[in-house]
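So that the names make sense, note that chain A is the first sequence line, chain B the second, and so on, each numbered from 1. Computed from a prediction, not measured in an experiment: that's the story for all the values here.
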Number of protein chains: 2
Amino acid sequence: MPAPSRTSLEAIVAAGTALLEEAGPDGLTMQAVATRVGVRAPSLYKRVAGRDALVRLVAEAAVRDLTEVLEAATPPDADPAAALVDLAHALRRFAHARPAAFRLIFWSGAEATRPSPELNARAVAPVLRVCAALAGEDRALEAARTVTAWAAGFVGMELADAFRSGGDVDEAFEFGARRLAGAIAAG
Amino acid sequence: MPAPSRTSLEAIVAAGTALLEEAGPDGLTMQAVATRVGVRAPSLYKRVAGRDALVRLVAEAAVRDLTEVLEAATPPDADPAAALVDLAHALRRFAHARPAAFRLIFWSGAEATRPSPELNARAVAPVLRVCAALAGEDRALEAARTVTAWAAGFVGMELADAFRSGGDVDEAFEFGARRLAGAIAAG
DNA sequence: ACCTGAACACCGTTCAAGT
DNA sequence: ACCTGAACACCGTTCAAGT
């Protein structure tokens, strides 16, 4: 006698995403997710292999959201240097809106919960495109890694509250973005 | 009737440090630490407030080690641009030797386990000094944040296995270090 | 076909009892 | 003064039993 589904993978990932921001990574428990979707914890295992798999799904959904944000920030006809600064700001806005998701995407230590590299590559594709225009095809990859490392590092440190020695953080970000755009472009 | 101490805070922190690298943050459990120092878990609470406090102590010890590494990398009479590149390499070497500790220092999400900002500031002081020489006192803070964000971001992404699209990672690091030194120095 | 309670092996933490 | 076993509230996960 078949029993009707009382939840869905989509609802589970959405619950996980919400819990991640509201309660942090430690608050993203199978039990909390189950309660949220109106089911008992063991039922989740019908749709998800386990907690690690769920966290990865949450991370991958976040990467897809980030991809959209970054693509929206780079209209095809934009000036490359300006586009690079815009990309940096878009990444920072995403991180401020969803700090836990941002951390999960970039600094998730555990192999088991890491989003697939292909998805990450797609997210960073706009950066690569702009860097190619700015630094030339040969240098595009190195340039993109430099910019991405700086932007992700800056925002990560900001979220970790690492900038406490005074000074204007917005200005420091602006400073970095401009200087990097210049450094990438320079011969 | 006094009982003799069977362990010490120092031994506990050392055991935590070792476990962190060997078994990851999740492997750093009170029980594993206790076993390692030859005692039962409840005994640890005589010397440490709890797991979060222990993780913080481990992180702070790591920051002190990193501070020494960075100070050793910047002899007072070095050329500033070369010193900046040396600092970046020293940070990267530390991260490769102790990846879990590095992550804990820079990307620890949880407030409760974060090393004190004063300690972090001391660690980054050599960077600030070199940046002042390179960019001028006015720009030193922004420049240091730019460089630190890039270096920590790059190495963090490297540890997270984010650089899979081919290309030489060592070269990308070198590229970034040189370009940043130039960008910081430029007017 | 899906959901559940019960159970298991693990956590962190507290505390009364031992020496 | 320090250490311990026992206990508690929580995890993730498995599985037989229900519908």
Item to check | Separation of Leu57(A) CG from Asp52(A) CG (nearest 0.5 Å) | outcome: 11.0 Å

State which of [options] makes the closest approach to the side chain of [X].
X	options	value
Tyr45(A)	dG5(C), dT4(D), dT13(D)	dT13(D)
Ser5(A)	dC2(C), dC2(D), dG12(C)	dC2(C)
Arg51(A)	dT13(D), dC11(C), dC2(C)	dT13(D)
Arg47(A)	dT13(C), dT4(D), dC3(C)	dC3(C)
Arg40(B)	dG5(D), dG5(C), dC3(C)	dG5(D)
Ser43(A)	dC11(C), dT4(C), dG12(D)	dT4(C)

Checklist entry - Relative to the ring of Trp107(B), is the ring of Trp107(A) parallel (under 30°), tilted (30 to 60°) or perpendicular (over 60°)? => result parallel

Checklist entry - For DNA chain C, which ranges pair as stems of 3 or more consecutive Watson-Crick or G-U pairs, with both donor-acceptor distances under 3.5 Å? => result C:4-8 with D:12-16, C:12-16 with D:4-8

Checklist entry - Can Arg92(B) be said to sit on top of Phe173(B)'s aromatic six-ring, NZ or CZ under 6.0 Å from centre and within 45° of the ring axis? => result yes

Checklist outcome for this item: Sorted by position of nearest nucleotide on DNA chain D, 5' first, the leading residue of Met30(A) and Ala41(B) is Ala41(B)

Item to check | Salt bridge Glu142(B)-Arg145(B), side-chain N to carboxylate O under 4.0 Å | outcome: no

Next on the checklist: What I want to check is whether the side chains of Thr29(B) and Gln31(B) have a donor and an acceptor closer together than 3.5 Å.
Outcome noted: no

